[in-house]
Amino acid sequence: MKQYFLLSFLLGALFFQSCSFLAEDQANANAIANFDALWKDFDQHYGTFQVRNLNWDSVYQVYRPKLSTVSGDPELYAVLCQMLNTLDDNHVVLEPTDHRFARHTSEADPIRSLSQDQMSLAVIRDKYLLDYTDAAPEIKFGRLPHQLGYLYIDGFNASLAHYTFELDRALKALADTKGLVLDIRNHSGGWDNIGQYVAGRFAQKPALYMVVKKRNGPRHDQFTAPQEWWVQPTGNFQYTQPIALLTTDFTFSAAETFTMAMKRLPQVTQIGLPTSGSFSDRIVRELPNGWRYSLSIGDYRDHTGKNWESKGLPPDIHLLTTRKKVFEEKVDVVLEKAMEVLQ
């Protein structure tokens, strides 16, 4: 009986030890399998390899050897982050399910940019505006001195009907102003078609502003036919007085395609910092281990055929301020420059 128990115990221990080794082997192999899955998915779907002049096969040769059969999730996370950083693309995001690892974005992540120190809506409201309307979570407006209007927009995520209503409200209130400061310095993006509509509220005639292709084949040069985007008058009426468009490197994604459209309007002057440089649509995918990631699939170009990924749209007047100036001295030098330009 004791011998049977001892034999059973030894067999059981061996079984559980074997299962432990098997689980460990599967976990270790998982790092390699997940790396290969992510690299291959980008290879087949990512849209701006050619624009960035990036050899993705060479990237594989650099980062794949960093993983081995003894690599676990910490090593996998570190290597994937390093590899994705080579893309310098704010639309590329890695989101592990393991709470030990932070959500990772490109080294160009606007969260780490200077832009958070470039403006304060509270300072503008309290110091510069003669009146202020908190129209919606993403839309504020009011009047500045010298018969100028101020319109703040920080997202294009709601419905078209919402923007139609709120812009009617704002632009009617500011209709008698002789110029408008349009502030998108904290604009985090949204739907390109909403940006197209909003830009149309300031347009006098149609103008081509963007041409878009989407990756649709395994080769890096395979794309859909180009789609033209035009800005043209929208809504029941348009505001056509001079406009100062304020941007920073936090002006992101659909805010940048909106900036493309606005720069086609003759009455617009862009002031501040270049935009983020993240134009393309993205898709969200999942690795075998459950970690989620996103990748850019498009090639977005302006009306001249130039791609601004990783560069951002340059302002007509470049201005950089400091956190001390904004939050301690309560001075918005970019807004003051805009008011000067519009007077």
Side-chain angles (χ1 to χ4, degrees), residues 114-115 118-121 123-124 128-130 139-154 156 167 170-171 174-187 195-210 229-234 237-277 279 302-304 306 308 311-321 325-326 331-343:
L114 294 170
S115 59
Q118 295 297 298
M119 66 89 65
S120 164
L121 187 58
V123 169
I124 295 171
Y128 294 98
L129 291 178
L130 305 178
I139 299 176
K140 329 289 180 186
F141 65 89
R143 287 177 174 268
L144 294 160
H146 312 295
Q147 205 179 342
L148 300 176
Y150 177 81
L151 177 61
Y152 172 89
I153 305 177
D154 69 7
F156 291 146
L167 285 173
L171 296 180
L174 303 174
D176 64 342
T177 57
K178 68 177 186 180
L180 178 70
V181 176
L182 179 47
D183 195 342
I184 57 170
R185 287 179 286 180
N186 277 347
H187 198 305
Q196 182 183 38
Y197 168 81
V198 174
R201 297 304 303 260
F202 308 101
Q204 300 180 59
K205 60 182 181 180
L208 174 68
Y209 71 94
M210 182 170 69
W229 287 67
W230 290 71
V231 58
Q232 54 192 334
T234 55
F237 63 95
Q238 294 78 43
Y239 184 98
T240 58
Q241 297 299 318
I243 296 172
L245 181 68
L246 309 189
T247 64
T248 67
D249 52 349
F250 203 78
T251 304
F252 180 70
S253 193
E256 299 186 86
T257 61
F258 170 73
T259 300
M260 269 188 188
M262 293 297 293
K263 288 172 75 71
R264 295 290 283 138
L265 309 183
Q267 75 272 31
V268 173
T269 303
Q270 182 186 350
I271 304 174
L273 297 177
T275 61
S276 172
F279 295 83
D302 68 13
H303 67 287
T304 70
K306 184 174 179 60
W308 293 94
K311 306 179 191 73
L313 297 167
D316 301 300
I317 301 173
H318 188 283
L319 274 181
L320 174 67
T321 189
K325 179 67 72 174
V326 175
V331 174
D332 191 326
V333 298
V334 178
L335 177 62
E336 290 184 1
K337 177 54 120 179
M339 294 168 63
E340 177 187 325
V341 168
L342 293 172
Q343 288 181 48

Passes side chain to side chain donor-acceptor pair (under 3.5 Å), Gln118 versus Thr248? Steps please.
CA-CA 8 Å; Gln118 295 297 298; Thr248 67; over 6 Å; no
Stepwise, does the side chain to side chain donor-acceptor pair (under 3.5 Å) test hold for Thr247 with Gln270?
CA-CA 7 Å; Thr247 64; Gln270 182 186 350; 2.9 Å; yes
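With hydrogens and angles ignored, the 3.5 Å screen pairs a side-chain donor or acceptor of Glu256 with a backbone N or O of Gly277. A donor-acceptor pair is defined here as one N or O able to donate and one able to accept, closer than 3.5 Å; no such pair exists between the side chain of Arg201 and the backbone of Tyr239. Formation of a donor-acceptor pair under 3.5 Å by the Gln241 side chain with backbone atoms of Asp176 is not found in this model. In terms of modelled atom types and a separation under 3.5 Å, the side chain of Gln196 and the main chain of Trp230 share a donor-acceptor contact.
Within the model, atoms NZ of Lys178 and CG of Leu148 stand 6.0 Å from one another, a figure rounded to the nearest 0.5 Å. Within the model, atoms CG of Leu246 and CD1 of Ile317 stand 10.0 Å from one another, a figure rounded to the nearest 0.5 Å. Between atom CE of residue Met262 and atom OG1 of residue Thr269 there is a gap of 10.5 Å, rounded to the nearest 0.5 Å. To the nearest 0.5 Å, the span separating CD1 on Ile184 from OG1 on Thr275 amounts to 8.5 Å.
Between Trp229 and Met260, the closest side-chain pair of non-hydrogen atoms is not below 4.5 Å. Between Thr251 and Phe258, the closest side-chain pair of non-hydrogen atoms is not below 4.5 Å.
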Check residues 332-343 and write down every donor-acceptor pair under 3.5 Å in which the side-chain atom is one partner and the other belongs to a residue at least two apart or another chain.
from: Asp332; atom 1: OD1; to: Arg185; atom 2: NH1; distance (Å): 3.1
from: Asp332; atom 1: OD1; to: Val334; atom 2: N; distance (Å): 3.2
from: Asp332; atom 1: OD1; to: Leu335; atom 2: N; distance (Å): 2.9
from: Asp332; atom 1: OD2; to: Arg185; atom 2: NH1; distance (Å): 3.3
from: Asp332; atom 1: OD2; to: Arg185; atom 2: NH2; distance (Å): 2.9
from: Glu336; atom 1: OE2; to: Tyr128; atom 2: OH; distance (Å): 2.7
from: Lys337; atom 1: NZ; to: Glu340; atom 2: OE2; distance (Å): 3.3
from: Gln343; atom 1: NE2; to: Met339; atom 2: O; distance (Å): 3.4

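Residue His187 forms a ring pair (Phe, Tyr, Trp, His ring centres under 6.0 Å) with just one option from Tyr152, Phe156, Phe250, and that option is Phe156.
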